[in-house]
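Counting begins at 1 with the first residue of the sequence.
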Amino acid sequence: MSTHMPAITSENTFLPFGDQRNAPFYGKDILSVKQFNRSDLDYIFGVAHEMRVMVERIGTFDLLKGKILANLFYEPSTRTSSSFTAAMERLGGSVIPINEVRYSSVSKGESLPDTVRTLECYADVIVLRHPDVGASKLAAQYARKPIINAGDGVGEHPTQALLDLLTIVEELHQVDGLSVTMLGDLKYGRTVHSLARLLSLYNVQLHYVSPEILRMPKEIIDEINKKGIQQKEHVDLDSALSETDVLYVTRVQKERFSALDEYERVKDAFVIDLDTMSRAKSRMIVMHPLPRVSEISIEVDADPRAAYFRQMEYGLYVRMALLAMVLGKS
Ligand code: ASP
């Protein structure tokens with residue numbers, strides 16, 4: 001990772017689109033949020049902003065014309081897969097969609113390394129979602145083309161964390177000084193694993209609210225502690241709500257439970273409703289990576305502080321930025 005990347009400031013706006021093979025992310029994999037520093041994030045958000053302007057002005061443009069993305073999903077997806085498709089198509093490129101690996105040679109027993117070595121013969125970049133932690137890293141060891149991690153089991157979801165952070169920046173215009181409360185399934189939720197790590201680059205306070213069996217993994221808490229970030233675990237939301245600026249709600253990840261009765265016991269442990277909202281800061285935002293099951297009641301959707309539908313749109317711009325960057329076009 002280059003350390004020579006310019007921060008995006010008003011004096012130093014990022015270079016216009018074009019061939020920039022010396023650009024810091026050209027040819028790089030996006031595997032974990034651990035690979036980013038604050039100036040990387042400024043750079044990515046600067047490019048994402050330009051993408052938003054272009055989409056609003058002209059919708060689709062030819063920055064990645066002739067480039068092909070392979071979207072390889074071994075687990076279900078609605079937003080990540082379709083936003084990468086939309087991102088590639090808005091940039092004039094095309095997509096090989098492999099959303100149902102059971103119809104591909106994976107069902108014949110093909111290994112992940114062989115599948116990515118196949119797809120990179122046809123595509124310029126591979127977006128991979130897989131149930132195993134570390135799958136993207138493994139794929140990247142075999143692939144010559146960039147691999148973008150779209151979720152590796154209970155590990156990480158770096159592109160989601162980038163869009164989550166962009167949502168916070170766009171909605172609250174600051175990250176330093178915020179109190180962020182993560183609620184729900186902090187054990188299996190890969191989005192909170194990535195977001196907590198990314199937020200630890202800023203001066204934030206982190207609150208974790210979860211059932212006992214779904215606490216934030218100790219290794220993540222230890223990792224973030226080393227950065228000097230204040231973290232506090234809670235058994236109920238009330239003890240954190242009044243100081244919360246960002247309430248990040250997650251779904252209990254049913255598919256990760258080996259015993260369904262355990263899932264049933266905790267699935268409705270926390271539900272955000274109008275009563276919760278009435279006790280929260282007037283400037284707080286509620287986020288959720290979606291899909292939502294029952295953890296945010298639908299009456300909350302009409303509250304202007306509900307940011308979860310706006311959050312998805314930021315994902316399009318972030319993913320357009322990442323594709324352009326790894327393919328050397330910004
Ligand atoms: N869509 C997110 C993910 O893939 C969150 C979720 O599934 O609950 O991790």
Compare every heavy atom of L201 with every heavy atom of L41, then report the nearest pair and how far apart it is.
CD1-CD1, 3.7 Å
Which of L237, V246, L206 passes side chain to side chain contact (heavy atoms under 4.5 Å, CB included) with T181? It is L237
Give a yes or no answer on whether the side chain of N149 reaches the backbone of L31 with a donor-acceptor pair at less than 3.5 Å.
yes
Quick one: do E156 and R197 make a salt bridge, cutoff under 4.0 Å?
yes
Answer with yes or no whether the side chains of D268 and S294 bring together a donor and an acceptor at under 3.5 Å.
yes
For N99 and S81, which heavy atoms make the closest approach, and how far apart are they?
OD1-OG, 3.6 Å
Ignoring hydrogens and geometry, is there a side-chain-to-backbone donor-acceptor pair from S111 to D114 under 3.5 Å?
yes
Tell me the closest heavy-atom pair linking D152 and D132, and the distance in Å.
CB-O, 3.4 Å
For I147 and S136, work out which heavy atoms get closest and say how close.
CG2-O, 4.0 Å
Using modelled atom types only, decide if a donor and an acceptor are shared between the side chain of R305 and the backbone of K281 within a distance under 3.5 Å.
yes
Which word best sums up how the rings of F25 and F36 line up, parallel for under 30°, tilted for 30 to 60°, or perpendicular for over 60°?
tilted
Answer yes or no: is there an ion pair linking D275 with R279, defined by an N-O contact shorter than 4.0 Å?
yes
Just say parallel, tilted or perpendicular for the rings of F257 and Y263, cut-offs at 30° and 60°.
perpendicular
Under the side chain to side chain contact (heavy atoms under 4.5 Å, CB included) test against Q311, which residue among E170, E171, Q160 passes?
Q160
Using the rule given for side-chain hydrogen bond (donor to acceptor under 3.5 Å, both in side chains), can you reason through N71 versus T85, listing the C-alpha separation, both sets of side-chain angles and the distance that settles it, and then say yes or no?
CA-CA 8 Å; N71 234 358; T85 299; 3.1 Å; yes
Give a yes-or-no answer on whether the side chains of E233 and H207 include a donor-acceptor pair shorter than 3.5 Å.
no
R117/E120 salt bridge by N-O under 4.0 Å criterion:
no
T80/R129 under side-chain hydrogen bond (donor to acceptor under 3.5 Å, both in side chains): CA gap, chis, key distance, verdict
CA-CA 9 Å; T80 307; R129 171 169 290 183; 3.1 Å; yes
Does the distance from a Lys or Arg side-chain N to an Asp or Glu carboxylate O, for D176 and R38, drop under 4.0 Å?
yes
Quick check on the 6.0 Å ring-centre criterion: do Y317 and F45 meet it?
no
If you apply the rule salt bridge (Lys or Arg N to Asp or Glu O under 4.0 Å), what do you find for E264 with K267, and how did you get there?
CA-CA 5 Å; E264 292 294 334; K267 73 178 188 345; 3.2 Å; yes
Basic-acidic side-chain contact under 4.0 Å: R251, E295
no
Grab the two heavy atoms, one from H193 and one from V154, that are nearest each other, plus how far apart they are.
ND1-O, 2.8 Å
Residues R319 and S83: side-chain donor-acceptor under 3.5 angstrom
yes
Heavy atoms of R90 and G59 approach each other most closely as NH1-O, 2.9 Å
Can you get from L69 to I126 by hopping between Ile, Leu, Val, Met, Phe, Trp and Tyr side chains that sit under 4.5 Å apart?
no
Among side-chain atoms of S239 and H234, is any donor-acceptor pair under 3.5 angstrom?
yes
Answer yes or no: is there a donor N or O on one side and an acceptor on the other, between the side chain of Q253 and the main chain of E255, under 3.5 Å?
no
Does any N or O in the side chain of K145 come within less than 3.5 Å of the main-chain N or O of A123, such that one atom is a donor and the other an acceptor?
yes
Using side-chain contact (heavy atoms from CB on, under 4.5 Å), reason through T60 and E89 one step at a time and then give a plain yes or no.
CA-CA 7 Å; T60 297; E89 293 186 354; over 6 Å; no
With no hydrogens and no angle check, do the side chains of T276 and D273 hold a donor and an acceptor under 3.5 Å apart?
yes
Donor-acceptor contact present, side-chain S194 to main-chain H157, <3.5 Å
yes
Verify same cluster id: V318, V55 (apolar side-chain graph, 4.5 Å):
yes
Under a plain distance cut-off of 3.5 Å, with no hydrogens placed, do D301 and Y308 share a side-chain donor-acceptor pair?
yes
Test log, rule salt bridge (Lys or Arg N to Asp or Glu O under 4.0 Å), inputs D222 and K218
CA-CA 6 Å; D222 290 348; K218 185 176 176 310; 2.7 Å; yes
Check E75 with R190, please: is the shortest side-chain N to carboxylate O separation under 4.0 Å?
yes
Among the clusters formed by ILVMFWY side chains lying less than 4.5 Å apart, do Y314 and L91 turn up in the same one?
yes
Name of the residue among I30, L162, L166, L165 meeting side chain to side chain contact (heavy atoms under 4.5 Å, CB included) with I44
L162
When you measure from the side chain of Q35 to the backbone N and O of S32, does any donor-acceptor pair fall under 3.5 Å?
yes
Answer yes or no: does atom OH of Y122 have more than 12 heavy-atom neighbours from other residues, nucleotides or ligands under 6.0 Å?
no
In terms of hydrophobic clusters joined by side-chain contacts under 4.5 Å, are V192 and Y188 together?
no
Quick one: does D164's side chain have a donor or acceptor within less than 3.5 Å of a partner on L195's backbone?
no
Please answer whether the main-chain N or O of D40 pairs with a side-chain N or O of N37 as donor and acceptor at a distance below 3.5 Å.
yes
